[in-house]
Protein chains: 2
Amino acid sequence: MGHVEADADETKTGDQTKTDGPTRRTPSADTPDQDVADTESSGPRGRPASTSRHELSRLALDLFARQGYDETTVDDIASAAGIGRRTFFRYFDAKPDAVWGEFDDELVRLADRLAEAPEDEPMLDVLRRAVMATNRFGAGELDELRQRMSLIGSVPDLVAHSAVRYEAWCDVVATFAAGRLGCAPGDLEAQTVARAALGAAMAAFSSWASTGGGDLVDQVDRAFRLLATGLVESPSPR
Amino acid sequence: MGHVEADADETKTGDQTKTDGPTRRTPSADTPDQDVADTESSGPRGRPASTSRHELSRLALDLFARQGYDETTVDDIASAAGIGRRTFFRYFDAKPDAVWGEFDDELVRLADRLAEAPEDEPMLDVLRRAVMATNRFGAGELDELRQRMSLIGSVPDLVAHSAVRYEAWCDVVATFAAGRLGCAPGDLEAQTVARAALGAAMAAFSSWASTGGGDLVDQVDRAFRLLATGLVESPSPR
DNA sequence: CAATTTACTGCACTCGATGCCAGAATGAAA
DNA sequence: TTTCATTCTGGCATCGAGTGCAGTAAATTG
């Protein structure tokens with residue numbers, strides 16, 4: 001059970017996954033753009049957050065790179081950030097989450113792109129383009145991304161945790177595929193498409209993160225083209 | 001006594017993954033076939049194990065089904081089995097491992113089948129048949145398997161842990177694919193094949209475990225055929 | 001200043017996991 | 001029988017992740 005929640009009625013009130021910080025919007029500690037407020041000068045109401053999710057993430061990543069993931073305790077991260085251990089868990093549900101930047105945001109973007117695609121564009125083309133599009137990063141972010149992906153692929157604890165994230169990704173794709181195929185997201189066809197697509201994306205990431213082999217988006221492109229040709233090298237590719 | 005192999009510098013110190021019990025061979029507690037020993041009756045040397053991996057697994061599975069995975073502590077399992085908590089961890093590296101029966105054995109069988117396949121049989125056909133073959137279970141085992149897979153797919157902790165197991169599966173397939181494709185197992189092509197195949201297998205399991213939809217082997221068959229046709233329904237050529 | 005709102009954090013606790021080590025149960029050699 | 005080597009057992013202590021609770025700190029508004 002579990003996987004695909006086909007319905008739309010959102011009965012669950014729970015605050016789902018922590019997306020930003022203690023409440024929801026980053027107060028100002030990270031992004032210096034608070035001019036977008038209402039007409040009047042009205043900062044957020046209560047005590048301002050002492051750090052930000054992104055700040056913590058960067059800090060943690062740094063420690064992981066230096067002394068290893070398992071050798072870095074949450075206490076280490078917290079005290080390095082000048083906050084209490086308990087506060088760390090207000091920003092992240094779990095230690096591994098610090099490695100997954102704003103993954104949830106990317107999920108939403110992916111879903112949007114899939115939904116926007118013209119109906120007559122072949123399913124796998126839509127998927128390929130959408131995944132490519134959601135993985136275009138600026139040169140500045142690329143290094144950090146590579147670091148994240150490398151960790152995620154090598155540290156057992158992170159490999160394990162990644163499954164939960166990837167399953168969410170899968171759900172998005174399965175929902176899209178189900179729409180195209182005219183079946184339920186949980187059906188074999190939609191699930192196969194979704195999980196195979198996930199496989200292609202993971203292969204691209206894996207190969208990109210380990211060997212410095214070229215452009216990430218290009219790897220995604222190649223992996224998905226392989227998928228579309230039944231995993232046989234096509235005679236006349238690009 | 002198998003291959004004792006005294007000398008030869010044994011660089012691999014780690015006892016790899018616990019495959020059977022405290023040492024390596026099941027003493028006798030579970031499988032009543034010890035006639036394979038030498039001519040003489042020579043039971044194992046030290047104190048006999050008080051239970052077996054399989055016994056513990058069944059017991060744990062039972063508790064999980066009754067009170068839920070998270071609600072069942074290792075202490076619960078241990079005391080239900082009449083052993084100490086510490087002893088549980090002699091049989092299993094971690095709590096989730098109790099749900100994964102003899103997965104490692106299946107991995108070996110898969111690798112064997114892949115290696116035995118004739119060179120001229122198409123790669124995906126070999127994969128499809130091999131996965132199907134390693135998933136034929138007797139009626140007696142099917143219920144337990146369904147229970148396992150259902151847990152693995154629904155309990156977050158188990159979903160997470162599954163990634164580690166599946167990665168081992170992927171490695172086997174990637175090695176095979178690399179041989180067929182003439183590339184390294186870590187290359188994009190082999191990785192894509194391996195992870196897409198894993199996706200197909202997972203989709204089959206998922207769909208089989210959730211909906212009582214028919215035969216497991218048949219689901220595997222269909223998922224892999226979808227893969228081979230570029231994820232396009234192929235009953236009638238377009 | 002008081003009230004309100006929001007964030008921080010220490011404390012206590014549960015549970016998974018691990019190292020250490022004494023002890024128990026067995027077969028074999030002396 | 002005694003002794004020894006071998007192998008499994010399991011209590012104890014310890015660490016780290018994660019959580020509920022309760023109290024505190026900092027900001028805005030009136």
Side-chain angles (χ1 to χ4, degrees), chain A residues 14-15 18 20-29 34 37-38 40-53 56 60 68-79 81-98 155-158 160-161, chain B residues 1 4 14-15 18 20-29 34 37-38 40-53 55-56 60 68-79 81-99 155-158 160-161:
Chain A
D15 52 333
K18 286 167 186 165
D20 210 358
T23 13
R24 13 217 89 182
R25 285 203 165 285
T26 102
S28 65
Q34 51 180 334
D38 321 337
E40 276 323 289
S41 66
S42 59
R45 292 258 298 161
R47 172 178 178 172
S50 57
T51 181
S52 73
R53 197 176 158 87
L56 272 180
Y69 178 85
D70 286 323
E71 290 70 33
T72 306
T73 70
V74 172
D75 275 305
D76 290 340
I77 306 172
S79 64
I83 62 175
R85 160 204 175 67
R86 194 65 182 77
T87 303
F88 174 90
F89 286 108
R90 290 185 176 288
Y91 285 87
F92 298 100
D93 284 326
K95 185 184 172 189
D97 287 329
V155 178
D157 201 353
L158 292 175
H161 192 79
Chain B
M1 293 295 197
V4 177
D15 50 335
K18 287 167 187 168
D20 210 0
T23 12
R24 22 213 84 182
R25 284 200 168 286
T26 102
S28 66
Q34 48 182 335
D38 321 337
E40 275 323 289
S41 66
S42 60
R45 294 254 302 168
R47 173 177 178 171
S50 57
T51 181
S52 73
R53 195 176 159 88
E55 177 66 24
L56 272 181
Y69 178 85
D70 286 324
E71 290 70 33
T72 306
T73 69
V74 172
D75 275 304
D76 291 339
I77 306 172
S79 64
I83 62 175
R85 160 202 178 65
R86 193 65 183 78
T87 303
F88 174 90
F89 285 109
R90 290 186 182 287
Y91 285 86
F92 298 101
D93 284 326
K95 184 183 172 190
D97 286 328
V99 183
V155 177
D157 202 352
L158 291 175
H161 192 79

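In what follows, every chain begins at residue 1, and chains take the letters A, B, ... in the order their sequences are listed.
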Set of side-chain contact (heavy atoms from CB on, under 4.5 Å) partners for A:Ser79, sequence neighbours left out: none
From A:Ile77 atom CD1 to A:Ile83 atom CD1, the distance as rounded to the nearest 0.5 Å: 9.0 Å
DNA chain D: 5'-proximal contact among B:Gly82 and B:Gly46 (nearest heavy atom): B:Gly46
Side chain to side chain donor-acceptor pair (under 3.5 Å) involving B:Thr87 - partner list, sequence neighbours excluded: none
Closest listed nucleotide, where the reference is the side chain of B:Arg45 and the choices are C:dT9, D:dT9, D:dT6: D:dT6
All salt bridge (Lys or Arg N to Asp or Glu O under 4.0 Å) counterparts of A:Asp157, not counting sequence neighbours: none
Atom pair distance, as rounded to whole Å: CG in A:Asp76 and P in D:dG16: 8 Å
Residues which pass salt bridge (Lys or Arg N to Asp or Glu O under 4.0 Å) with A:Arg85, listed by chain and number, not counting sequence neighbours: A:Asp75
Partners passing salt bridge (Lys or Arg N to Asp or Glu O under 4.0 Å) against B:Asp70 (at least two apart in sequence or in another chain): none
Integer-rounded Å distance: C:dA17 P and B:Asp97 CG: 8 Å
Contact letters for nucleotides 10-16 of chain C, in which S counts primed atoms plus P, OP1 and OP2 and B counts the base, heavy atoms under 4.0 Å: BB---SB
For atom CZ of A:Arg47 and atom C1' of C:dA3, their distance in whole Å: 18 Å
Nearest-neighbour nucleotide for the A:Pro48 side chain, D:dG10, D:dA26, C:dC8 considered: D:dA26
